[in-house]
Student: 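This is the structure I have questions about; it appears just below.
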Amino acid sequence: MPELPEVEITRQHLATALLGRSLVSVSMRHARTARHNHGSLDIVEQRLTGRRVLEVRRLGKYLVIPLDDGMTVVAHLGMSGRFSIASPDDPLELHTHFVAELDDGTSLRFVDPRTFGFIAVHDDAELETSGIARIGPDAWEDPPAPIDLAVALRGRTAPIKALLLDQAHISGLGNIYADEALFRAGIDPRTPGGEVTDVRIELLLDAIREVLGVAISNGGTSLDDLAYLLPDGRAGENLRQLKVYGRDGEPCYDCGEIIDKVVIRSRSTHFCPHCQAPDVG
DNA sequence: ACCTCCCTGGCC
DNA sequence: GGCCAGGGAGGT
């Protein structure tokens, strides 16, 4: 499931393939993938055809691709989205919702079985009202200072796990890396945001950088269902680095306690009851 | 702060 | 044959 590391790997792959390239022909094939352009296949195709890619950026889990006419592509991989570069002759994979032929003879494709992902093309006015305008600082490139995160969390009663998934205070964490970062920081995921101590906030920000860095260098996390694969089709190798996610019922690597699983905001949440005990005093 | 919806493949 | 996973948008 693509989170910041998987999107960053995708970004690097797309930068190599797309930078300076023009889109010769474009086929949007699924209205839901175009839902942020009112579900109109035509709008997306017309806005992209003939355009040249200036940059491939990332904010949190969003890919942001400025074009040569001032428009900007905003794409999200959702749960199961994957970009790939293929030959135009390669058969279309099932659930291919977007295809673009590039001026170097390659073919950009977007495959997304569960259609939680999307591809949008926005002008500046649309960008300001799109969801991306409300995204907080990027957890990897631009993490908040501890004091700023502390201020954002002050007085909040929602569990820290939920606040990390919110994307407003720090962006890019999903269910896997939120659980992993909270484990490394020794924070009980149910702790109200406002009750996380300043020391723990510092540890949390350190843990986030650590967890994300390891994941990126390992090619991201492919789970057993292989819903997420690298853009070249290989599986990411980060699963073995996970210390709590998906390990409920198994012993903690650090203390031997059995990893527990609870539901927070309808998200499965994995933690070690010993290593992540509530702070005392 | 809470709920519901979206969607498919994999699993029991 | 039903349930689950999950990010984000929308609603109340």
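It should be emphasised that the depicted structure is a prediction, and the values quoted were computed from it without experimental measurement.
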Student: Expressed in angstrom and rounded to an integer, what is the separation of A:Leu63 atom CG from C:dG7 atom P?
Tutor: 16 Å
Student: Hey, does the side-chain of A:Arg114 have a donor or acceptor N/O within less than 3.5 Å of a partner on the base of C:dA5?
Tutor: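 Between C:dA5 and A:Arg114, which were checked side chain against base, a qualifying N/O pair under 3.5 Å is present.
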Student: Please state how far atom NE2 in A:His76 lies from atom C1' in B:dC6, giving the value in whole angstrom units.
Tutor: 14 Å
Student: Could you state the atom-to-atom distance from CD1 of A:Ile264 to P of B:dC3 in whole Å?
Tutor: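 Atom CD1 in A:Ile264 sits about 14 Å away from atom P in B:dC3.
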Student: Which part of the nucleic acid does A:Gly174 contact within heavy-atom distance under 4.0 Å: base, sugar-phosphate only, or nothing?
Tutor: sugar-phosphate
Student: Identify, with sequence neighbours excluded, every residue that meets side chain to side chain donor-acceptor pair (under 3.5 Å) alongside A:Arg109.
Tutor: A:Ser107
Student: So, A:Glu6 and A:Tyr177: side-chain donor and acceptor under 3.5 Å apart, yes or no?
Tutor: yes
Student: Is it the case that the side chain of A:Ser40 and the backbone of A:Asn37 share a donor-acceptor pair, with hydrogens and angles ignored and the cut-off at 3.5 Å?
Tutor: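 Judged by distance alone, no pair lies under 3.5 Å.
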Student: Using a heavy-atom distance cut-off of less than 4.0 Å, which residues of residues 149-173 of chain A contact DNA chain C?
Tutor: A:Gln167
Student: Considering non-hydrogen atoms only, spot the tightest contact between A:Lys261 and A:Ser268 and give its length.
Tutor: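 Nearest pair, atom of A:Lys261 first, then A:Ser268: CD-CB, 4.1 Å.
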Student: To the nearest Å, give me how far apart CD1 (A:Ile132) and C1' (C:dG8) are.
Tutor: 13 Å
Student: Reckon A:Tyr177 touches a base, only the sugar-phosphate, or nothing at all at heavy-atom distances under 4.0 Å?
Tutor: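 Nothing, no nucleic acid heavy atom in range.
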Student: Could you tell me how the ring of A:Phe110 sits relative to the ring of A:Phe83: parallel (under 30°), tilted (30 to 60°) or perpendicular (over 60°)?
Tutor: tilted
Student: When the nearest nucleotide of DNA chain C is assigned to A:Gly131 and to A:Ser268 on a heavy-atom basis, which residue is associated with the more 5' position?
Tutor: A:Ser268
Student: Determine the contact category for A:Arg265: base if any of its heavy atoms lies under 4.0 Å from a base atom, sugar-phosphate if only primed atoms, P, OP1 or OP2 are that close, otherwise nothing.
Tutor: sugar-phosphate
Student: Near DNA chain B, under 4.0 Å by heavy atom, which residues of residues 90-97 of chain A?
Tutor: A:Leu94, A:His95
Student: Rounded to the nearest Å, what distance is computed from the CD1 atom of residue A:Ile119 to the C1' atom of nucleotide C:dG8?
Tutor: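 Computing the A:Ile119:CD1 to C:dG8:C1' distance gives 17 Å.
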